[in-house]
Each structure stands twice: as C-alpha cells, then as structure tokens.
Amino acid sequence: MNWIGYSIIAIGIVGISDIFRKLASHLKDPFFTNLVFQLSATTFAIITYFIFSRKVENNPKDIVFAILGGITIAAFSLFSFKALSTGPGASVVIPVLRVGGIALLVVLGVVVLKEKLSLQTFVGLIFSSIGIYLLFSNK
C-alpha cells in the first residue's frame with residue numbers, strides 16, 4: 001500500500017478519534033481526560049509494536065524527535081479536550097484545530113525545513129481559512 005492508502009485510513013481514524021475526543025470532553029478535568037487518552041494510546045502503541053515489529057533502532061537523534069513529537073501530540077490532546085469542553089461544538093472546534101495546525105505546519109515547513117510554498121498550497125490555505133470563517137460566521 002502506498003502513502004495515499006495509509007493516509008485515507010489515518011483520515012478515517014482521526015475522524016473517529018475526534019468523535020470520541022468530543023464525547024470524552026464531558027469529563028470535568030481535561031488533565032485526567034488527557035491522561036486516560038494518552039495511556040490508551042500508549043497501550044495501543046505497545047501492543048501493535050509487539051505484534052507487528054519488535055525491531056529496535058539505534059538512531060538517537062531521530063528517537064529524540066519522536067519523543068518530542070509524542071510530547072507535543074499529548075499537549076495538543078490536552079488543549080483540544082479543553083477547547084472541546086468549552087467551545088461551540090466538535091463541528092467547529094475540530095476544523096479550527098486541524099486547519100490551524102495545517103497552516104502552522106506549512107509556515108514551519110517553509111521556514112524551518114526550507115520547503116517551497118507552491119501556489120496550490122497557498123490557495124488551499126486561503127480556501128481553508130475561508131471555510132473556518134464561514135463556520136464561525138454561522139454561529
């Protein structure tokens with residue numbers, strides 16, 4: 001399977017995950033909610049590692065990047081639980097989180113990773129921003 005197939009699976013999973021994230025946001029303490037969420041993710045990661053891989057890599061630099069990525073996704077989860085518990089609803093909050101993250105990623109990709117900003121990417125960001133505006137203007 002190529003990256004598009006894996007991406008389609010990941011899109012389906014993240015959509016389902018966001019529904020569970022919204023349902024879990026009714027718990028009163030977002031720190032507790034995030035703890036349960038992250039422990040579940042860690043348990044799943046450990047189980048799938050032992051079932052499918054069991055390989056150990058010796059690349060300290062990239063392992064540090066993976067650790068930092070895990071920490072930032074845990075922080076994202078914490079603040080997304082808080083946003084979902086106080087915001088207007090999943091149909092507004094989640095798109096704002098996703099499109100905002102994509103916009104920041106594009107900027108960081110250009111500035112930090114020296115990627116090129118194509119006209120297509122720029123236009124996509126403009127349309128995404130318009131979509132977020134339309135979500136807010138309806139409320």
Pairwise side-chain contact, [X] with [Y], heavy-atom cut-off 4.5 Å (strictly under):
X      : Y      : value
Val93  : Thr86  : no
Leu125 : Val106 : yes
Ser17  : Phe37  : yes
Ile102 : Ser128 : no
Pro95  : Ile132 : yes

With rounding to the nearest 0.5 angstrom, report the [atom1] to [atom2] distance, [X] to [Y].
X      : Y      : atom1 : atom2 : result
Leu39  : Asn34  : CG    : CG    : 9.5 Å
Ile126 : Leu119 : CD1   : CG    : 10.5 Å
Phe65  : Asn59  : CZ    : CG    : 9.5 Å
Thr42  : Ile47  : OG1   : CD1   : 11.0 Å
Asp18  : Leu23  : CG    : CG    : 11.0 Å

Linking I/L/V/M/F/W/Y whenever any side-chain heavy atoms sit under 4.5 Å apart, do [X] and [Y] land together?
X     : Y     : answer
Ile16 : Ile19 : yes
Met1  : Ile8  : no
Val14 : Trp3  : no
Phe52 : Phe44 : no
Phe50 : Val56 : yes

Does atom CG (Asn58) have a neighbourhood of more than 12 heavy atoms from anything else shown, all under 6.0 Å? no
Under 3.5 Å, side chain of [X] to main-chain N/O of [Y], donor-acceptor pair present?
X     : Y     : value
Arg98 : Ile94 : no
Lys22 : Leu84 : yes
Ser53 : Tyr49 : no
Asn2  : Gly5  : yes

Give every residue pair that meets the side chain to side chain donor-acceptor pair (under 3.5 Å) criterion with at least one member in residues 105-114, sequence neighbours excluded. none
Can you name the nearest heavy-atom pair linking Ser25 to Ser85, along with the distance? O-CB, 3.3 Å
So which heavy atom on Ala24 is nearest to which on Phe81, and how close? CB-CE2, 4.0 Å
For residues 68-80, dump all side-chain donor-acceptor pairs below 3.5 Å to protein atoms at least two apart in sequence or in another chain.
residue : atom : partner : partner atom : Å
Thr72   : OG1  : Leu68   : O            : 3.1
Thr72   : OG1  : Gly69   : O            : 2.9
Ser77   : OG   : Arg21   : NH1          : 3.2
Ser77   : OG   : Gln38   : NE2          : 3.2
Ser77   : OG   : Ile73   : O            : 3.2
Ser80   : OG   : Arg21   : NH1          : 2.9
Ser80   : OG   : Phe76   : O            : 3.2
Ser80   : OG   : Ser77   : O            : 2.9

For a quick check under 3.5 Å, do Ser40 and Thr43 share a side-chain donor-acceptor pair by atom type? no
